[in-house]
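One-based numbering along the sequence shown. Every value quoted in this text rests on a predicted model; they were computed, and no experiment measured them. All ligand and atom numbering here is 1-based and tracks the order in the structure.
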Amino acid sequence: MKILYATSEAVPFCKTGGLADVAGSLPPALAEQGAEVAVVLPLYQRVKERFGSQLKFECYDFVDLAWRHSYCGLFSLEKDGVTWYFLDNEQYFNRPDLYGYIDDGERFGFFSRAIVQMLPHFKFWPEVIHCNDWQTALVPIYLKDDGVREDRFRSIKTTLTIHNIEYQGRYGMQTLGDLFGLDHGWADDGTIIMDGDVNLMKGAILCADAINAVSPTYANELKLSYFAHRLENIMRRCEYKLSGVLNGIDMKLYDPAADQRITANYSVDDLGGKNTDKAALQRMMGLREEPHVPIVAIVSRLVSHKGLDLICEVLHDMMELPMQLVILGKGDRKYEEFFHWAAQQYHGRMAVRLDYNEELSMAIYAGADLFLMPSKSEPCGLSQMIAMRYGTVPIVRETGGLKDTVQPYEAWRDAGNGFTFANYASSDMLHVIREAVYLYKDYPDAFSRLRKRAMKCDFSWARSAKDYLRIYANITGQPWPPVAEEPAPVVEEAAPVVEEPAPAVEEAAPAVEEPTPAAEEKPVKKAAKKTAKKTEKKVRKDEKPAEKPEKKASVKKAAAKKETKKKGPAAKDKKEKPAE
Ligand code: GLC
């Protein structure tokens, strides 16, 4: 299986959020499972500065974006069994930040167009292009666009991962042709239009062969207006190709037994070092060195959907509990000011650092006892998994990936790996914080067992990589794991099955979408493959139009039916936020 993973950021090259962590870990995990993987990223200034000497220049070409004809260089680097490609255009990417520029639409329009145009220069012709968020959402669209499409693109399937549906790539109508080089057909049938704006995420959701959210719960939430930021109807319409795949974390990078970034190492069998880390954290943050007072920690961007309003509402009640509070993060001014002010009221018991600081965050994961994430919505969330790995017990609201990774503590049967609350209500949050703090204070043995259960959770990427490979297998029709070639007898067996081609053929894609259990698979699959090939030939003979162009037409038509009815006010949000 040949996978091209398209992303606007990836650790260790460039990062603004969780997307970078995922894009840095998933491709190597796919490669470990036996897939051939390449990743494609923009060549940002910071990548050039930090990795420039390791980059190999491959070639250059020119990329057409509407009336623009721009240089695009291709650089590469081999790492962790994956080829990392970087697309160079200084005008677009040689800037200090990744996002936040007035021309972000043009920059990522160029990036997506360049991915498609540079395909012949990559080391393999991909079977799947895996896109992520709005920045690469134009790739599935361009592959189906008449102005761009080439016959050979037909063999490429696309999948789109939605890390956060809030950021959709919305631009004014005039950008459709002038910026993105798409003809008005895309607007007329509504495929790429939402509330009067060009909406790249919507277009990709409709055009991609598969879409997934970064947790099963978020996949379900995306069908509800509370979470979907106006795309709930599209999500419901595309439910047939939607799945939820939980992110993992890099278990080697985040390993309290080996992590060089923390003061003392420890493991689930010997937690001694965690006490040292706690004392170190208290010193570092100017907190009283009290070993038996639980530290509740927050490491988060300080923005509304992280549920910070709940904390603001009951902060003083929280601080009446026998606990200390540590907050690390920056973001909206109102939260920064509030937390800064509050920390002054609770000197020695509450400490705040308004910063993005990787090193300090590790000291917090290692030194704290409880980790608070009361998010209003959380597509997956990686911090709660990292916290658990470091024995810092999470307190979360049951949403998205938080719900999928944290099972509530149940005292009566000594089960669960954290604390949860369901309603977005500060009183409910306060109730579980109180429960957690008093479990720590009054039942240290029970708390210690809970901590160990959290530490033992397996959040490795291997599991998620398998889920993605299953998605790739479904859309390409290739079996995964690859079926070993078997000699002759299978041909004989295949004969009767070939007699039943019709249903499998008419709906080739769905037939593959539900692979039969591996154990019974081999002979049938081979037969099915043969059947599919035969009918493919038949179809060609009969000169029926091929499946994919039809697909575009039907996608577009389907979209058109609904979209022409809707003409809401154009709520414009031109400046896209960073990837979440
Ligand atoms: C975004 C989401 C976060 C998720 C991450 C990686 O940052 O907000 O919940 O963990 O993407 O998928």
Side chain to side chain contact (heavy atoms under 4.5 Å, CB included) assessment of T399 paired with F227: CA-CA 10 Å; T399 181; F227 296 96; 3.5 Å; yes
Which of the ligand 1 atoms, numbered from 1, are nearer than 4.0 Å to a heavy atom of P379: 2 (C), 8 (O), 9 (O)
Nitrogen or oxygen atoms of H305 and ligand 1 under 3.5 Å apart: no
Test applied, side chain to side chain donor-acceptor pair (under 3.5 Å); reference residue, K274; option that passes from T392, D369, N265: T392
L242: partners by side-chain contact (heavy atoms from CB on, under 4.5 Å), with sequence neighbours left out: I211, A219, K223, M235
For E378, atoms of ligand 1 separated by under 4.0 Å from a heavy atom: 3 (C), 8 (O), 9 (O)
Test item: N417 side-chain N/O and Q407 main-chain N/O as donor-acceptor pair under 3.5 Å: yes
For V214, the ligand 1 atoms whose distance to one of its heavy atoms is below 4.0 Å: 12 (O)
Location of contacts on N247 toward ligand 1, heavy atoms closer than 4.0 Å: side chain
Contacts of type ring-ring contact (aromatic ring centres under 6.0 Å, His included), residue F447, not counting sequence neighbours: Y440
V22: numbered ligand 1 atoms lying under 4.0 Å from its heavy atoms: 6 (C), 12 (O)
Distance (rounded to the nearest 0.5 Å) between I192 CD1 and L200 CG: 5.5 Å
Atoms in ligand 1 with a heavy atom of G381 nearer than 4.0 Å: 3 (C), 4 (C), 9 (O), 10 (O)
